[in-house]
Participant: 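Sharing a structure, written as structure tokens. Questions coming.
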Amino acid sequence: MVRQYWLMKSEPEAYSFDDLMAEKNRTDHWDGIRNYQARNFMMEMRQGDAILFYHSSTNPPHVAGIAEVASEAYPDHTSWDRKAKYYDLKSTPENPRWYMVDIRGVRKLEIPVPLEALKANPRLKGMRVVQKGQRLSVQPVLRKEFEEVQRMAKVLSKKTSSR
DNA sequence: GCCAACGTTGGC
DNA sequence: GCCAACGTTGGC
């Protein structure tokens, strides 16, 4: 049962939605979050919550697919791994500072929904991702926004295929 | 590659 | 607790 809705960003060159779908059980852990607000949102996530998987730093930026929360937050062990990219010396196994969740790919959108289209849709005005300066890589979305993005993907794909 | 908008750090 | 300096994000 879906409880809450989220949007998570990833740079596709680093990790794309297709990469997630290619994982065993289409499931992977979401490590490397080093922002308190994003971490706190992840700690609110419950199994079955739905996720818009967003590709940032690509042209054009877009929502690529739907995922779901596969496990609730648990300590991000890469935070105390000296060799890891996002090592934080203030995080320890005894006192973890950073957390991660597991997410599972559900389905790829019929067609990616570009940021420009999100911005042009007045129903999505409240989404953080369309607002200037909102860099948060994990953010809550409303159910109606989540459903609107899915609807847009359907509409866009019909337009494309009828040409 | 630029740069605006943020978040974090650390001296005071 | 203030705030300057610095680092990062991410659209363009």
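Basis for what follows: all heavy atoms, side chains included, without hydrogens, waters or symmetry-related copies. Labels below follow one simple rule: chain letters A, B, ... track the order of the sequence lines, proteins then strands, and each chain is numbered from 1.
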Participant: Near E147(A) CD, under 6.0 Å, is it more than 12 heavy atoms from other residues, nucleotides or ligands?
Facilitator: yes

Participant: Do F41(A) and W30(A) have their ring centres less than 6.0 Å from each other?
Facilitator: no

Participant: Let me spell it out: for each of N35(A) and K90(A), pick the nucleotide of DNA chain B with the closest heavy atom. Which residue's pick is nearer the 5' end?
Facilitator: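 Checking each residue's closest nucleotide, the 5'-ward one belongs to N35(A).
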
Participant: Given the side-chain rings of W98(A) and Y36(A), with only the six-membered ring counted for Trp, is the space between their centroids under 6.0 Å?
Facilitator: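 Ring centroids of W98(A) and Y36(A) are less than 6.0 Å from each other.
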
Participant: Scan side-chain atoms only and decide if T92(A) and N95(A) contain a donor-acceptor pair under the 3.5 Å cut-off.
Facilitator: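 No pair is found: no donor N or O on one side chain lies under 3.5 Å from an acceptor on the other.
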
Participant: At what distance, to the nearest 0.5 angstrom, does CD1 of I111(A) lie from CE of M152(A)?
Facilitator: 11.5 Å

Participant: Give the rounded distance in Å between these two atoms: OH of Y87(A) and C1' of dG7(C).
Facilitator: 19 Å

Participant: List every contact pair, protein side and nucleotides 9-12 of chain C side both N or O, where the distance is under 3.5 Å.
Facilitator:
residue, atom, partner, partner atom, Å
dT9(C), O3', R135(A), O, 3.3
dG10(C), OP1, K9(A), NZ, 3.0
dG10(C), OP1, R135(A), O, 2.4
dG11(C), OP1, Y54(A), OH, 2.7
dG11(C), OP2, S57(A), N, 3.0
dC12(C), OP1, K119(A), NZ, 2.7

Participant: From NZ of K85(A) over to P of dG7(C), roughly how many Å is that when rounded to an integer?
Facilitator: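 The distance from NZ of K85(A) to P of dG7(C) comes to 16 Å, rounded to the nearest Å.
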
Participant: What's the CG-P distance between L89(A) and dT8(B), to the nearest Å?
Facilitator: 16 Å

Participant: Hey, does the side chain of D76(A) reach the backbone of G32(A) with a donor-acceptor pair shorter than 3.5 angstrom?
Facilitator: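 Checking the backbone N and O of G32(A) against the side chain of D76(A), a donor-acceptor pair under 3.5 Å is found.
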
